[in-house]
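In what follows, a single structure is set out as structure tokens and then discussed.
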Protein chains: 2
Amino acid sequence: MIIGFIGFGKVAQNLAGIIESDDINFITSAESRSPETVENIKNSNVEVLDTFRQVASRSDILISATSPKNALDAARKYGKYAKGIYLDLNNISPDTTSEINKAVGNLVDGAIIGKIDSDNPTLYLSGRSASELLFLNEFIQTKVISDEIGVASRLKLLRSAYTKTLSALLIESVEIARSNALEDEFFETLALTEGENFKEKSLSRIENTLNSSKRKSEELEEIIDYFDENDLTMVKAALKKLSR
Amino acid sequence: MIIGFIGFGKVAQNLAGIIESDDINFITSAESRSPETVENIKNSNVEVLDTFRQVASRSDILISATSPKNALDAARKYGKYAKGIYLDLNNISPDTTSEINKAVGNLVDGAIIGKIDSDNPTLYLSGRSASELLFLNEFIQTKVISDEIGVASRLKLLRSAYTKTLSALLIESVEIARSNALEDEFFETLALTEGENFKEKSLSRIENTLNSSKRKSEELEEIIDYFDENDLTMVKAALKKLSR
């Protein structure tokens, strides 16, 4: 079996490392790639073809793991040459997934939950051919949640609504704690019920959110736009909080 | 040493059970108490005096563990008779604590974090005599956080701002998940990063909040009132969410 990659960043590199089997060969292309990516490809067990068009036409599974911004373009350019399953793993909205579905014959919508380089990433899949990818369970926890395209990205968006709003709540709580000179005690009293690593986890979430608050705000806008039939009082407050 | 209780609900009952020492005797009164409380007193190792005035004047440590509503009244009635430390353990605001301080000679402000009948409740104390209560560490984890009255109740309020706002976020997230038929998957994907008991804990928080949403809303109003110099975007959204 041949698995091809469009994009060779963290996700693709990790997958090529995790999926170890004599029956599986990886291919990608260095076409128009950055010197850094070319170097990463050289350091991996992946065969390099001249063009992504070739990669698409030779892959049994073509994995798009580029950037959210490029996901639709990549699908429009190479989707029509894909002979097998086109697995989109980009962090994109359900609406973008629908657009990609128009450009691709046999799309599977995938979302990796948990960091790909952590102990327990899980791959959620939706789409009519999703179950054909369950063999990946041997290498990474893999779950099919629907045969409908877009459900995996909807789940990721929902999860993201929670975690981003939680980050906004943490930012506000720590602000209040600091201004009352009770930051250590705040973390300490919450660790009693939220788990011992509450402080470390919370500070990392806050830092991560503040370091990319513009991108997080855009993602919150996308969430608000997508789930607009629901009451989004908390999510909207998070957007307001991040824009302060 | 004599420890007296004003109020003999869950907190007092548990403390009388936890604090086991040959050197310590407990007293309380059945004065104007409900039949249920009188029964609870009978079933415990506590000596019963005729009046709370007697309890106050004989106790080395007088513990007020009645209800938030009655805390100030109790302090005004019996505080002046307390010969030793008056330890207020009611779930009251820092402002009420200040009022109580005017009626009581030697107040210590206490907050129990974590359920009193759980594995690891912690008693936070503030006030100039707080450190005299550190002997309680033998029976329950006890921490002095300040010699200033009101800091323990401020910490409890701060913690409560976080947990109540989190409950509002959970309510909203589960609403969105349900309307997208993704409730199980929502909990499952969050358990990967928030801990295995995330679903159970979240559902219990949601139920607890919805079952007493009026009281929770009042507590949020108190929080907003008290921390009004801070940006309270998220806490205010929680109040709005709970009143829907």
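Naming: A, B, ... by sequence-line order, numbering from 1 per chain. Computed from a predicted structure; not experimentally measured.
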*asked:* For B/S173 versus A/L158, what's the shortest heavy-atom pair and its separation?
replied: O-CD1, 4.0 Å
_A/N180 to B/R154 - nearest heavy-atom pair and separation_ = OD1-CD, 3.2 Å
*In terms of heavy-atom pairs under 4.5 Å, which option from A/T165, A/I145, A/D184 contacts chain B the most?*
A/T165
*Looking at A/L170, A/I113, A/L182, A/L169, which makes the most heavy-atom pairs under 4.5 Å with chain B?*
A/L169
*Counting heavy-atom pairs under 4.5 Å to chain B, which of A/L166, A/L155, A/T122 comes out on top?*
A/L155
*asked:* Less than 4.5 Å to any heavy atom of chain B: does that hold for the side chain of A/F187, its backbone, both, or neither?
replied: neither
*Measure distances from B/F186 to the heavy atoms of chain A and classify the residue's part below 4.5 Å as side chain, backbone, both or neither.*
both
*Among A/K240, A/K236, A/R205, who wins on heavy-atom pairs under 4.5 Å with chain B?*
A/R205
*At what distance, to the nearest 0.5 angstrom, does CD of A/E229 lie from CD1 of B/I176?*
12.0 Å
*May I ask you to name which of A/P121, A/A168, A/G114, A/A161 has the most heavy-atom pairs under 4.5 Å with chain B?*
A/A168
*What are the two closest heavy atoms between B/N120 and A/L192, and how far apart are they?*
ND2-O, 3.6 Å
_With a 4.5 angstrom heavy-atom cut-off, is it the side chain or the backbone of A/A111 that approaches chain B, or both, or neither?_
neither
_salt bridge (charged side-chain N to carboxylate O under 4.0 Å, His left out), that's the test. Do B/K143 and A/E185 meet it? Break it down for me._
CA-CA 10 Å; B/K143 298 194 175 187; A/E185 291 83 0; over 6 Å; no
*For B/E218, look at atom CD and say whether over 12 heavy atoms of other residues, nucleotides or ligands are found less than 6.0 Å away.*
yes
*asked:* Please find the pair of heavy atoms, one from B/T189 and one from A/R159, that lie closest to each other, and give the distance.
replied: O-NE, 2.9 Å
*Part of B/K201 within contact of chain A (heavy atom distance under 4.5 Å)*: side chain
*Report yes or no: do B/Y124 and A/E188 form a side-chain donor-acceptor pair below 3.5 Å?*
yes
*asked:* Is there a side-chain contact between B/L190 and A/T163 in this structure, where contact means two heavy atoms from C-beta onward sitting under 4.5 Å apart?
replied: yes
*So what's closer than 4.5 Å to chain B heavy atoms on A/Y162: side chain, backbone, both or neither?*
both
*Mind ranking B/S146, B/G195, B/A177, B/S118 by heavy-atom pairs under 4.5 Å with chain A and telling me who comes out on top?*
B/A177
_Pairwise distance CG(B/D231) to CD1(A/I171) - rounded to 0.5 angstrom_ = 10.5 Å
*Return the minimal non-hydrogen interatomic distance between B/T233 and A/A237, and the atom names on each side.*
CG2-O, 3.5 Å
_Least distance between heavy atoms, A/M234 atom then B/E172 atom_ = N-OE1, 2.9 Å
